[in-house]
Amino acid sequence: MSQAQHHAQLIDGKAAAAALLETVRQDVAALRASGVIPTLAVVLVGDDPASHVYVRNKVLRASEVGIRSLEHRLPADTGQHALLKLIATLNADAGVNGILVQMPLPAQIDEGAVIDAIDPHKDVDGFHRENVGRLVLGEPALTPCTPSGCLFLLKQTLGDLSGKHAVVIGRSNIVGKPMAALLLHANCSVTVLHSRSVGARELCRQADIVVAAVGRAQMIDASWIKPGATVIDVGINRIQAGDKTRLVGDAEFDSVARVAGAMTPVPGGVGPMTIAFLMKNTVLAAKRQSQHDL
Ligand code: GUN
């Protein structure tokens, strides 16, 4: 007789995103009824295939909830000056509520300068230094979409996060750093691990919550996870499986599922939540801008 093996509860990001997008759709309808058409400008430079997929999904999701999107596709050899000019035009356009410049940008363009140029009130990615500063200070801000989505899934799964030990693996400006700030505001004890950490696995094994955002396929296996911990996998890595490519996370799913209490799958975990929060941020920006106009 075989003993039933433990399997972590699956955290369904697709379902959570669908529910969230329904509330966004209602907010958009209310704004439209008051004469405001929430509008997101999406800027894509070059031909990175993954970026094209992400942008297509963002534009599709926007149209589903009634957000107008304006796509600006620029060639790979676009210069920094031309991109900054476009951003200045979008900043000045009162009909544009949110501006998203898809990263990464081609090497000849300074990403920091581009982010600095975006009006912080239209910075729906939450990457501008004013929004980063506000997030760290605990003031109202536009907050990066992926960490916001992770926090939402954690609260949905665990309720109050107070006192929990959260380990964030990865220290990027897009995910790791803002994730740590959000978890701190949720009263977690936060440890951030990175490529120079000593004893990373042992530290991670003390965590109640693990957010994996390293971008290394299947780096985290069961030996990193305390039994019953909640694991949020931010990784989207393409690996070769025979003659096909397959999407995998930063966690080795089958291994982690044997010890974790709950975990997100890849795909269908964090990804849909990122897009849902982009829509939520766009509506928030539109609301704040329309109130500012009164
Ligand atoms: N590239 C990878 N993630 C993101 C994101 O959240 N926003 C933008 N603009 N680019 C990205």
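Given the structure is predicted, the values throughout are model-derived calculations rather than measurements. Just so you know, ligand 1 is whichever comes first in the structure, and atom 1 is the first atom listed for that ligand.
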Problem - side-chain contact (heavy atoms from CB on, under 4.5 Å) between H194 and S197, intermediate numbers included - result: CA-CA 5 Å; H194 47 78; S197 291; 3.9 Å; yes
Practice task
Could you tell me whether the side chain of N131 and the main chain of P120 form a donor-acceptor pair under 3.5 Å?
Solution key: yes
Indicate if [X] and [Y] have the same hydrophobic cluster label, given that clusters are the connected sets of ILVMFWY residues with side-chain heavy-atom separations under 4.5 angstrom.
X: V59; Y: Y54; value: no
X: V283; Y: M279; value: yes
X: F152; Y: I232; value: yes

For [atom], the protein heavy atom that lies nearest, with its residue and separation:
atom: atom 10 (N) of ligand 1; answer: M103 N, 3.0 Å
atom: atom 11 (C) of ligand 1; answer: Q102 NE2, 3.4 Å
atom: atom 3 (N) of ligand 1; answer: I174 CD1, 4.3 Å

Problem - Per-atom contacts of ligand 1 with V101, taking only distances under 4.0 Å to non-hydrogen atoms - result: 8 (C), 9 (N)
Handout entry: Contacting atoms of ligand 1, where contact means under 4.0 angstrom from a heavy atom of L100
Key = 9 (N)
Exercise for the section: Report the part of Y54 (side chain from C-beta onward, or backbone N, CA, C, O) that has a heavy atom under 4.0 Å from ligand 1; answer both or neither where that applies. Expected result: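 It is neither part, as no heavy atom is under 4.0 Å.
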Problem - The one among V175, D125, L44, V42 that brings a heavy atom closest to atom 5 (C) of ligand 1 - result: D125
Handout entry: Side chain proximity check, L151 to L183, heavy atoms < 4.5 angstrom
Key = yes
